[in-house]
Structures are given as structure tokens and as C-alpha cells.
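Notes to accompany the following structure.
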Amino acid sequence: MMMFEELKDTAVLITGATGLIGSRLVLFLDRLNREENRGIRIYACCRSEEKFRSCFSGCDLNNIVPVYGDICTLDIRNCAADHIIHAASTTSSISFVKKPVETIKTAVQGTINLLDQCIGKKLKGFVYLSSLEVYGKFDDAEVRNVAETDYGLTDPLSIRSSYSEGKRLCECMCCSYAAEYGIPVKIARLAQTFGDGVAYDDGRVFAQFARSIIEHENIILKTRGETVRNYCHVSDAVTGIMAVLLSGETGEAYNIANKSTTVSIADMAKLFCQLYPDSGSRVIFDLAEDAARFGYNPVVRLQLDSSKLEALGWHPEKNLEDMIHDLIRSMRKKKNE
């Protein structure tokens, strides 16, 4: 584990603390406290006390302070935080098309609410968690290697763009608050991230594949699965976020992804079946006439280039097979709880 000595005796505030990445960040900091005696005070911002207790029942709650509220109205003025990681976000693809207004409001109003309360604070660092979806769509027939300065097209009239356009505006707001008010904001652009900690009812494609394996069902694809992208194990994402927080430049964006995990949706589905032959699962194509209503993105072929983050000393440790095995093991455990 990277030591992150700079965090000793500091306070870190995390929004979306019971989500996949937020909860892993809290657990990571708790582990630093227990194993390295870091003395980090953790403000865990979330909406549900029940979910907070479920996520962190095995932690040292003396150092974890719950802060309850919706991100759009959350009050953090009494939290003496040195660092902030803004992880609260809508993440369900179906919500992007079923509740696009709420998707945009959560992103934009929530981020404005947080940044406004940071004006005048002597923060050491602030990281906004963004997404590969800010890059939009490239027309390349081959897989495109995408650095932080590359941008494709996003259709603002597509309802599905509620998520990507919201993220783009939030990135611009972060840089604007940094320039105008001196808030030390950095941006982490995450590839799709999974591994341990994914909820059993998660609607994202990797969780759907995992459920099919666990329940001995076929994997049903509603598209040809031609989209190609790379991924990141949640534990590698956590260390990447921390590297951006502590070593990144204010106003800069950093891709967090594992270059070795580039794969199409169809081939990833087949890999799940190959790794778990006892499930009896096969990949079946049942093409939908209107795939957009499921919240699926247009076909893209890209891999995030993480060279800029790697120059800060970060390197991913887990490959795609590790991610799948950890995902299946974790979701099986959650199913039986």
C-alpha cells in the first residue's frame, strides 16, 4: 500500500460516502488509521444513516463522522476539512434517460453547493470525480487512445447526455472556482470502475454480467457489444484519486484507468463465461430495436491514457481478470447477507 504520509493528522471530507467509490475511499482511510496510525478524521457525507451503518460497521467509528443530507443542500460549514473528495453522483445509466433533470441537478446544483461553501476555506486539496463520458464520441473505426486534451462529440439534444453534459459543466465550474476563488480543485476522470463493493442490484453492465454468472443464467446483450473501453479496479481507482488529491496540479484533469484492460462489451461478457464455466452461462444476443431507452451510450471505441497520472507515481496493480473475480466474490457475499 502507498503510505500517503501527507494525510497524517488531517481531516478528509468525502461526499457520496456510501457509494461504490466513496465507501472504498472511507475504508481505505480507515485502514490507514488502523494499520499506520495516521490519525485521519473522516467526514462521511451521505443521505442514509442505515446505509452508513451497513457500509462501515467494521470500522473505527471514533474517526468517522457521518454528515447526513442531500448533496444539493448538504451543509459542511461545521466540518473542519483539510481535503475534500466530491464523489456524490447519479451513476445508474437508466436514470440518465428516465430522470435526466434529476441527473443534471444532482451534478450541477450539488457541486455548486459544495464549492460555494469552500470559498474562504484554507483547503489543502479538493478532487472532483468526473468520468470518461466527458470525452464524448469519436468516429474512429479503431480504438482511440484518449489523453486529457482530447475531446469528441456530445449531442446536447440527447437525453442520455444529461450525465456527460452535467459532468462537463461541473469540470468547468471547478476550474472557474479555482481561478476566481483559489479553491485547489483537481479533476479525476475515471474509467468504469469495479471490483469488490458493488451492490448486488447495481444496474451497470459489469454487475449484470456478474449476476448472470452467480444465478447460472445466460448473459443477454441488447446490443452487439461493439463499444470498446478500458476499466479500473476500485482499489486502484482509490489510490489514483489520492495521488491526484495530494500530487495533482490545481485546475488539471487526470485519467484514471488501466491500459491493460481494454476490451469490447461483447468480449468482456464472453470472458465472464470463460472464467466461470461451471455457471453454464452463455452470451446471447437479443438486439433491441431502441437500445437508447435502456440508457446505453452510442458505440465508442476508446481507451483512457493514464500516462499523466502515472507520471505522479501511480500505477494500477489489478488486471481485468482480478476485477471480475473480486466482483463475483463480493457480489456472492452480498447476495447471501
Side-chain angles (χ1 to χ4, degrees), residues 1-71 74-76 78-89 91 114 123-127 129 188 190 193-202 207 232-246 256 317-318 322-323 325-337:
M1 185 197 297
M2 300 172 72
M3 293 297 102
F4 302 109
E5 286 89 350
E6 304 97 319
L7 292 172
K8 185 171 177 60
D9 297 325
T10 64
V12 182
L13 183 145
I14 299 168
T15 69
T18 55
L20 173 60
I21 296 176
S23 64
R24 300 301 110 175
L25 284 162
V26 172
L27 293 173
F28 173 80
L29 295 175
D30 177 68
R31 181 180 167 193
L32 283 180
N33 281 340
R34 288 184 288 105
E35 297 183 2
E36 304 292 337
N37 194 28
R38 288 285 178 250
I40 304 165
R41 189 168 182 80
I42 307 161
Y43 293 101
C45 303
C46 56
R47 289 178 293 180
S48 167
E49 181 177 354
E50 180 181 0
K51 196 168 183 182
F52 171 86
R53 297 197 175 279
S54 173
C55 286
F56 309 124
S57 59
C59 297
D60 178 5
L61 296 182
N62 290 320
N63 283 320
I64 303 177
V65 180
V67 184
Y68 298 114
D70 184 278
I71 189 61
L74 184 71
D75 188 344
I76 63 166
N78 293 325
C79 301
D82 299 294
H83 302 279
I84 292 177
I85 302 173
H86 181 21
S89 176
T91 57
L114 203 60
L123 287 176
K124 295 180 179 179
F126 183 124
V127 173
L129 298 197
L190 290 146
T193 300
F194 65 90
D196 54 302
V198 175
Y200 195 78
D201 60 353
D202 192 296
C232 191
H233 193 285
V234 65
S235 63
D236 288 327
V238 164
T239 57
I241 291 164
M242 300 310 299
V244 173
L245 178 70
L246 299 174
I256 300 181
E317 296 182 353
K318 296 202 172 187
D322 294 330
M323 295 167 66
H325 287 314
D326 287 349
L327 175 68
I328 296 281
R329 181 171 58 251
S330 176
M331 287 182 64
R332 277 178 171 158
K333 182 179 178 181
K334 287 181 179 295
K335 182 185 180 185
N336 295 326
E337 286 178 348

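Remember, it's a predicted structure, so these values are computed and weren't measured experimentally.
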Any side-chain heavy-atom pair of Asn63 and Asp30 under 4.5 Å: no
Taking all heavy atoms of Tyr200 and all of Lys334, pick out the closest pair and write down the distance. N-CD, 4.2 Å
Could you grab the distance from atom CD1 of Ile40 to atom CZ of Arg34, nearest 0.5 Å is fine? 11.5 Å
Below 4.5 Å, heavy atoms only, C-beta onward: do Ile21 and Ile85 meet side chain to side chain? no
Heavy atoms from other residues, nucleotides or ligands near NZ of Lys335 exceed 12 (cutoff 6.0 Å): yes
Can you find a pair of side-chain heavy atoms, one from Ile76 and one from Thr15, that are under 4.5 Å apart? no
One pair to check against side chain to side chain contact (heavy atoms under 4.5 Å, CB included): Arg24 and Asp196. What are the steps and the verdict? CA-CA 9 Å; Arg24 300 301 110 175; Asp196 54 302; 3.3 Å; yes
Closest approach of Phe4 and Arg38, non-hydrogen atoms and distance? O-NE, 4.0 Å
With a sphere of 6.0 Å drawn around CG of Asn336, does it hold more than 12 non-hydrogen atoms of other residues, nucleotides or ligands? yes
Pairwise distance CG(Leu29) to OH(Tyr43) - rounded to 0.5 angstrom: 13.5 Å
To check you understand the geometry: which heavy-atom pair defines the closest contact between Gly197 and Ser330, and what is its length? N-OG, 2.9 Å
Main-chain N/O of Asn37 paired to Lys8 side chain as donor or acceptor, under 3.5 Å: yes
If you round to the nearest 0.5 Å, how far is CD1 of Ile64 from CD1 of Ile42? 4.5 Å
Tell me, do His86 and Ile71 make a side-chain contact under 4.5 Å, heavy atoms counted? yes
With side chain to side chain contact (heavy atoms under 4.5 Å, CB included) as the test, would you mind laying out the steps for Cys79 and Val67 before giving the verdict? CA-CA 9 Å; Cys79 301; Val67 184; 3.9 Å; yes
Beyond-backbone contact of Asp202 with Met331, side-chain heavy atoms, under 4.5 angstrom: no
So, are Arg41 and Asp82 salt-bridged, with charged N and O less than 4.0 Å apart? no
Acceptor/donor pairs from residues 54-61 side chains to any protein atom, 3.5 angstrom cut, sequence neighbours excluded:
unit_1: Asp60; atom_1: OD1; unit_2: Asn62; atom_2: N; d: 3.1
unit_1: Asp60; atom_1: OD1; unit_2: Asn62; atom_2: ND2; d: 3.2

Counting distance only, does the side-chain N/O of Ser23 pair as donor-acceptor with the main-chain N or O of Leu20 below 3.5 Å? yes
Those residues that, when tested against His233, pass ring-ring contact (aromatic ring centres under 6.0 Å, His included) (two or more places apart): none
Non-hydrogen atoms of Thr193 and Ala237 that approach each other most closely: CG2-CB, 3.8 Å
What closest approach, in Å, do Leu245 and Val127 show between heavy atoms, and which atom pair accounts for it? CA-CG2, 3.4 Å
Residue Lys51 excluded, over 12 heavy atoms near NZ under 6.0 Å: no
Provide the closest heavy-atom pair for Phe52 versus Cys46 in the form atom of the first, atom of the second, distance. CB-SG, 4.0 Å
Atom pair NZ/OG1 of Lys124 and Thr10 - distance to nearest 0.5 Å: 6.0 Å
Counting distance only, does the side-chain N/O of Asn33 pair as donor-acceptor with the main-chain N or O of Gly39 below 3.5 Å? yes
Determine, stepwise, if the pair Leu246 / Leu7 fulfils side chain to side chain contact (heavy atoms under 4.5 Å, CB included). CA-CA 9 Å; Leu246 299 174; Leu7 292 172; 4.0 Å; yes
Side chain of Asp236, backbone of Glu317: donor and acceptor closer than 3.5 Å? yes
Just how far is it from atom OG of Ser48 to atom OH of Tyr68, taken to the nearest 0.5 Å? 7.5 Å
Assess whether side chain to side chain contact (heavy atoms under 4.5 Å, CB included) is satisfied between Leu190 and Cys232, documenting all intermediate values. CA-CA 8 Å; Leu190 290 146; Cys232 191; 5.9 Å; no
ring-ring contact (aromatic ring centres under 6.0 Å, His included) involving Phe194 - partner list, sequence neighbours excluded: Phe206, Tyr231
